[in-house]
Amino acid sequence: MTQPPLTRPVPIIVDAPPSKSLSHRKLVAAALARGTTRLSRVLESDDTARTIEVLRSVGAGIERTAPGEYTVAGMDGPPRGGRKTPVSCFMGESGTSCRLLTAVLAAGDGSFAVHGAPRLHERPMTELLETLAILGTDIHFQAQPGFLPLVLDARGLSQAEGSWLPVRAERSSQFLSGLLLAGPLAQNGLRLALAGERVASWPYVCLTLQTMEDSGCAVSVTTLVDGEWRETDWRTMRTAHPGATRFRIRRGAYRPPAGDDAVVEGDYSGASYLLAAGAIGPNPVTVTNLRRSSLQGDRRILEILEDMGATVSWSDTGVTVGPGRLRGIRLDMRHCPDLVPTVTVLASLSEGPTVLEGVGSLRHKESDRLAAPAEELSKTGARVTLSDDSMTILPALKRSGKPIRFSAHNDHRMAMSLALFELTDMRLALDDPSCVRKSFPSFWDAWKRIRPGTRLTEDL
């Protein structure tokens with residue numbers, strides 16, 4: 001009797017989207033530069049469109065020359081606001097656009113009306129706005145103090161020589177990143193001292209420092225060691241400690257980045273759903289366009305998948321994740337909060353409990369990213385327990401022929417993470433698949449290559 005040939009699953013190859021975080025930062029630096037920058041592989045999404053439109057409205061010339069390619073004529077100076085009427089700066093639902101650009105606009109000259117979609121008006125801005133007021137910006141709240149909408153009357157940023165300005169970044173590192181980007185425009189530069197109890201998402205600050213250095217505005221970082229302040233290479237810092245970290249940004253001009261520095265690398269946040277699919281689906285998944293040495297904090301998804309029991313391997317093609325017997329683990333998510341929706345789904349498909357710590361800041365994202373996953377995962381039978389800064393997931397996946405109706409809660413990361421349940425025997429429906437336009441507009445096209453269908457194999 002002839003035996004059927006042995007086969008093994010063939011990896012499905014998909015391309016990671018360009019990094020949203022770096023797309024924002026490179027667009028801002030190019031808009032502030034002297035000269036013309038040609039950026040490539042820029043993420044084209046709702047959020048980056050908001051950044052582009054605001055930068056255009058305050059003096060930058062930005063032309064789309066091909067998909068993902070932009071020529072940016074820098075404004076060679078501070079953003080230009082209105083004289084009699086504020087320039088409208090609509091941020092949509094983009095928290096990154098809002099927090100980075102509000103600081104940059106405050107370093108400009110004139111009046112700026114900063115506003116967005118209703119959910120953005122609910123997201124706190126107090127720490128950043130209090131700092132900008134100390135630096136000389138007049139802020140007029142149109143509704144609730146500390147929140148959008150507001151009008152900035154800007155005359156540039158000015159700090160007393162020799163002083164250090166405390167900056168809190170517990171709720172969002174974007175407050176610090178915005179001030180760093182604005183620093184070279186300030187009258188005497190800026191001297192910032194990290195304050196508070198901790199810094200959220202430190203790797204995103206590193207992306208800001210990297211972008212500034214690539215554009216000719218390197219930042220001096222010093223840390224307190226044995227009672228002395230010492231110059232520190234920020235690339236070696238796994239985190240930054242309040243009371244022991246300072247940033248000195250000298251006044252200067254941004255310049256167009258050269259070579260690969262003008263190319264946006266792939267996004268580990270967007271790739272996390274594709275990589276997680278390799279851990280739970282019938283086929284391994286290879287994701288291309290990811291930099292192995294990336295500074296992105298969400299690169300940690302590879303460590304998390306491996307620790308949970310999946311296989312991870314690099315090749316010239318990209319990084320491949322293969323399925324394994326997943327187990328629950330304990331994780332500190334403080335520096336990679338955008339991975340939480342992905343990890344909660346993985347946890348619900350694992351053996352044993354998963355505990356995620358350092359997640360308190362997620363209540364103030366596009367949705368409440370603690371309550372929303374808890375609500376949706378409960379529909380599968382999983383049990384989720386929440387505290388102020390942690391969540392515990394106990395898997396108990398239902399086996400039912402009835403479709404489960406999931407809600408994305410108008411949150412792109414919720415929508416993409418819930419898609420992972422398609423790789424089980426679960427039938428599901430999603431209320432708002434289009435919300436992925438915020439960060440990964442081509443997600444469903446990539447997902448068509450991954451979701452159940454023909455099992456791909458090769459002969460052994």
Between side-chain atoms of residues 333-346 and protein atoms elsewhere (two or more places apart, or another chain), which donor-acceptor pairs fall under 3.5 Å?
from	atom 1	to	atom 2	distance (Å)
His335	ND1	Trp202	N	3.1
His335	NE2	Thr239	OG1	3.2
Asp338	OD1	Arg369	NH1	3.3
Asp338	OD2	Tyr204	OH	3.2
Thr342	OG1	Ser272	OG	3.1
Thr344	OG1	Val340	O	3.4
Thr344	OG1	Pro341	O	2.7

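Counted by atom type alone, Thr232 and Thr223 present one or more donor-acceptor pairs between their side chains at under 3.5 Å. For the residue pair Ser45/Ser439, the side-chain donor-acceptor check at 3.5 Å is not satisfied. In summary, the side chains of His24 and Asp47 do not present any donor paired with an acceptor at a separation below 3.5 Å, with no hydrogens or angles considered. Side-chain N/O atoms of Asp389 and Ser387 include no donor and acceptor closer than 3.5 Å. For the 3.5 Å distance criterion, the side chains of Gln174 and Thr96 qualify, holding a donor opposite an acceptor.
Note that NZ of Lys438 is 10.0 Å distant from OG1 of Thr48, once rounded to the nearest 0.5 Å. Put simply, NZ on Lys26 and OG1 on Thr51 are 14.5 Å apart, with the number rounded to the nearest 0.5 Å. Note that CZ of Arg291 is 7.0 Å distant from CG of Asp260, once rounded to the nearest 0.5 Å. To the nearest 0.5 angstrom, Glu44 atom CD is 7.0 Å from Ile52 atom CD1. Interatomic distance, OG1 of Thr288 versus CG of Leu274, reported as 9.5 Å (0.5 Å rounding). Here CZ of Phe247 is found 10.0 Å from OG1 of Thr208. Values are rounded to the nearest 0.5 Å.
Using a 4.5 Å heavy-atom threshold, the side chains of Tyr273 and Leu418 count as separate. Taking the side chain as every heavy atom from C-beta outward, Arg300 and Leu331 approach each other to under 4.5 Å. Between Arg83 and Asp109, some side-chain heavy-atom pair lies under the 4.5 Å cut-off.
A parallel orientation is assigned to the rings of Trp447 and Phe443, their planes being inclined by less than 30° (bins at 30° and 60°).
Closest heavy-atom contact between Met414 and Ala408: CB-O, 3.3 Å. The shortest non-hydrogen separation linking Ala262 to Arg38 is CB-O, 3.4 Å. Across Ser350 and Leu326, no two heavy atoms sit closer than the pair OG-CB, 3.4 Å.
Between Leu176 and the options Val205, Leu128, Thr245, Thr131, a side-chain contact (heavy atoms from CB on, under 4.5 Å) holds for only Val205. Only one option out of Gln210, Glu265, Arg299 pairs with Ser294 in a side-chain hydrogen bond (donor to acceptor under 3.5 Å, both in side chains); it is Glu265.
Around atom CZ of Arg238, no more than 12 heavy atoms belonging to other residues, nucleotides or ligands sit under 6.0 Å away.
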With salt bridge (Lys or Arg N to Asp or Glu O under 4.0 Å) as the test, would you mind laying out the steps for Arg56 and Glu53 before giving the verdict? CA-CA 5 Å; Arg56 281 174 174 158; Glu53 287 307 311; 2.6 Å; yes
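Side chain of Ser315 to main chain of Thr317: a donor-acceptor pair is present (N/O by atom type, distance under 3.5 Å, no hydrogens or angles).
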